[in-house]
Amino acid sequence: MRSNDGSRSGGEVLVDQLIAHGVAHVFCVPGESYLAALDAFYDRDIAVTVCRQEGGAAMMAEAVGKFTGRPGVCFTTRGPGASNASPGIHIARQDSTPLIMFVGQVPRESREREAFQEIDFRAVFGSLTKWATEIDDAARIPEIVSRAFHTATSGRPGPVVVALPEDMLTDRVIVADAPPFEPVETWPGLSDIARLQKLLWAAEQPIMLIGGSRWSEAAWASIARFAERLALPVATTFRRGHLFDALHPCYAGDLGIGPNPKLIARIRAADLVIVVGTRLGEMPSQGYTLFDIPGPRQTFVHVHPGAEELGRVYRPHLAINSAPTAFAAALEGVQPPNEIRWRDGTRIAHEDYLAWTQTPGPQPGAVNFGEIMLWLREHLPADAILCSGAGNFAAWIHRYYRFRRFVTHIGPTAGSMGYGVPAAVAMKRINPQRTVVCIAGDGDFLMNGQEFATAVQYGLPFVVVLTDNGIYGTIRMHQEREYPGRVIATELKNPDFAAYARAFGGFGITVEKTDDFAVAYAAAVESGKPAIVHLRVDPEAVTPTMSLSAIREKALTTKGA
Ligand SMILES: Cc1ncc(C[n+]2csc(CCOP(=O)(O)OP(=O)(O)O)c2C)c(N)n1
Ligand SMILES: [Mg+2]
């Protein structure tokens with residue numbers, strides 16, 4: 001609160017900046033190092049979610065950044081808190097998500113003495129963030145926080161870390177609030193769009209690959225309209241399936257892990273590849289094998305909001321420095337050629353996608369996770385939000401779930417385990433009316449399972465569908481491939497996950513047979529509590545197509561052991 005002289009503490013100025021920039025939620029684990037900022041939240045209108053571990057808090061903020069396109073915000077304390085948060089910062093970096101982490105820091109006078117819990121934030125977070133800084137003077141809070149919002153969202157979005165010396169937060173200053181930030185749009189030039197149209201008119205078999213961040217509901221609709229007008233096949237990159245309606249007649253499938261071989265063949269055969277929004281990292285390039293480096297054989301168009309990503313690995317024929325939001329809007333000006341030569345190919349691409357994802361095959365064991373994914377696809381509302389972390393269980397989401405709406409999948413393209421539960425907490429907290437489902441593995445869940453307590457504390461009824469196969473399945477799969485039969489450090493002795501849910505004050509139920517899932521899921525929803533539906537999955541069912549033993553046998557045969 002302002003005192004009579006109009007002064008505010010650094011903590012108050014800071015929280016008022018968050019309000020000015022439109023922040024509605026922050027996620028934190030408290031620390032004595034930023035008590036003055038915490039106190040400022042006491043009588044201000046921002047929802048504070050207190051978490052159980054900073055990794056959870058940072059992932060919640062990252063999920064908010066993914067969902068809204070505006071910086072998610074978290075608060076952590078000094079060395080132990082900030083370093084616990086690092087996986088969330090790393091995800092924001094790799095996934096190009098706007099995020100701001102404020103960190104309580106030792107008082108200014110103690111800096112550089114390695115005071116209690118002191119770390120050098122610029123050195124530790126320098127390579128993970130777009131900007132790591134410290135506020136020395138409370139009067140400069142409006143300036144620096146405004147820059148943090150602009151930096152996190154502009155160009156290629158990413159994380160920003162701002163350290164807050166404890167004594168700076170209690171200083172009293174008279175200073176004006178910053179005006180609200182506006183994310184800076186990055187537009188394609190008129191000549192870019194003209195050149196793109198020319199390339200399209202000359203093409204025989206074009207394909208568009210979409211991913212990355214800086215999309216919006218409007219861009220989602222524009223890209224679908226553009227694809228429809230030009231009958232252009234569109235594939236989505238790893239964990240960005242929600243960027244295109246899976247039942248749109250132009251949808252060609254998911255270019256992630258374990259993609260449809262027909263999709264790969266189609267991309268290889270294309271004469272024009274238009275990549276929109278995504279970095280050309282390991283996933284979209286299928287381990288840097290899909291296109292020649294540095295000069296792709298196909299005519300190659302790369303559209304990205306970060307200029308430094310254009311030409312980073314692949315030298316595009318046409319590089320367009322634009323955010324997907326602006327690019328999708330500009331596409332309204334592209335005219336189709338007189339004759340669309342690839343129309344039949346697009347129809348076949350979509351048929352191939354439907355066939356590839358239609359029905360799961362049989363699986364070892366009594367619980368067929370493919371059948372359960374099919375049930376979810378048929379019974380969840382189209383706007384349900386699926387949150388997931390990393391592990392082989394996610395292969396069934398990518399293969400069988402059909403995302404129909406914008407931002408209905410919140411998952412780490414960075415492949416970080418433990419993301420699903422915090423993401424689900426954040427999604428349910430900011431979208432209380434939406435159905436939220438977390439899909440987790442047993443290993444994955446326990447990396448941030450403690451945030452189930454946060455879900456109970458805030459009364460956030462989402463369902464965790466937890467696939468318990470008693471192994472770190474992904475690593476075991478690779479282990480059997482590379483070192484068949486030599487099992488080490490991939491087996492897990494698990495708790496009773498249904499009892500875990502109940503012990504936290506949630507609802508828990510164990511499913512032993514596929515057919516029991518529907519009733520168990522209904523009971524979980526009916527409970528009105530955060531819930532875990534614990535699936536006992538046979539470890540043999542490690543991929544949608546190949547069992548663990550088959551992988552081992554194949555390795556033994558090919559290695560001649
Ligand atoms: C934070 C983190 N640590 C380790 C890994 C390496 N890793 C990838 S998948 C995986 C196992 C996942 O196990 P689980 O969640 O049980 O899923 P499953 O593969 O069994 O379906 C591991 C250890 C990772 N991706 N992220
Ligand atoms: Mg597992």
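Just follow the structure's listing: the first ligand is 1, and inside any ligand the first atom is 1.
Contact between N260 and W356 at its shortest, heavy atoms only, is ND2-CB, 3.3 Å. The two residues L380 and Y521 make their nearest non-hydrogen contact at CD2-OH, 3.3 Å.
In this structure, ligand 1 sits under 4.0 Å from heavy atoms belonging to A390, G391, N392, F393, G415, M417, G441, D442, G443, D444, M447, N469, I471, Y472, G473, T474, I475.
A centroid separation of less than 6.0 Å is found between the aromatic rings of H409 and F403.
When only modelled atom types and interatomic distance are considered, W396 and Q363 share a side-chain donor-acceptor pair under 3.5 Å. A donor-acceptor contact closer than 3.5 angstrom is absent between the side chains of Y34 and Q105.
Taking the six-membered ring for Trp and thresholds of 30 and 60 degrees, F445 and Y500 have ring planes more than 60 degrees apart, a perpendicular arrangement.
Less than 2.8 Å away from the Mg ion (ligand 2), the protein contributes these N/O/S atoms: D442 OD1, N469 OD1, I471 O.
Proximity of a side-chain donor or acceptor of S388 to a complementary backbone N or O of C438 within less than 3.5 Å is not detected. No donor-acceptor distance shorter than 3.5 angstrom exists from the side chain of N431 to the backbone of R434, with no hydrogens or angles considered.
When the options M283, H398, Q286 are evaluated for a side-chain contact (heavy atoms from CB on, under 4.5 Å) with L255, the one that passes is Q286.
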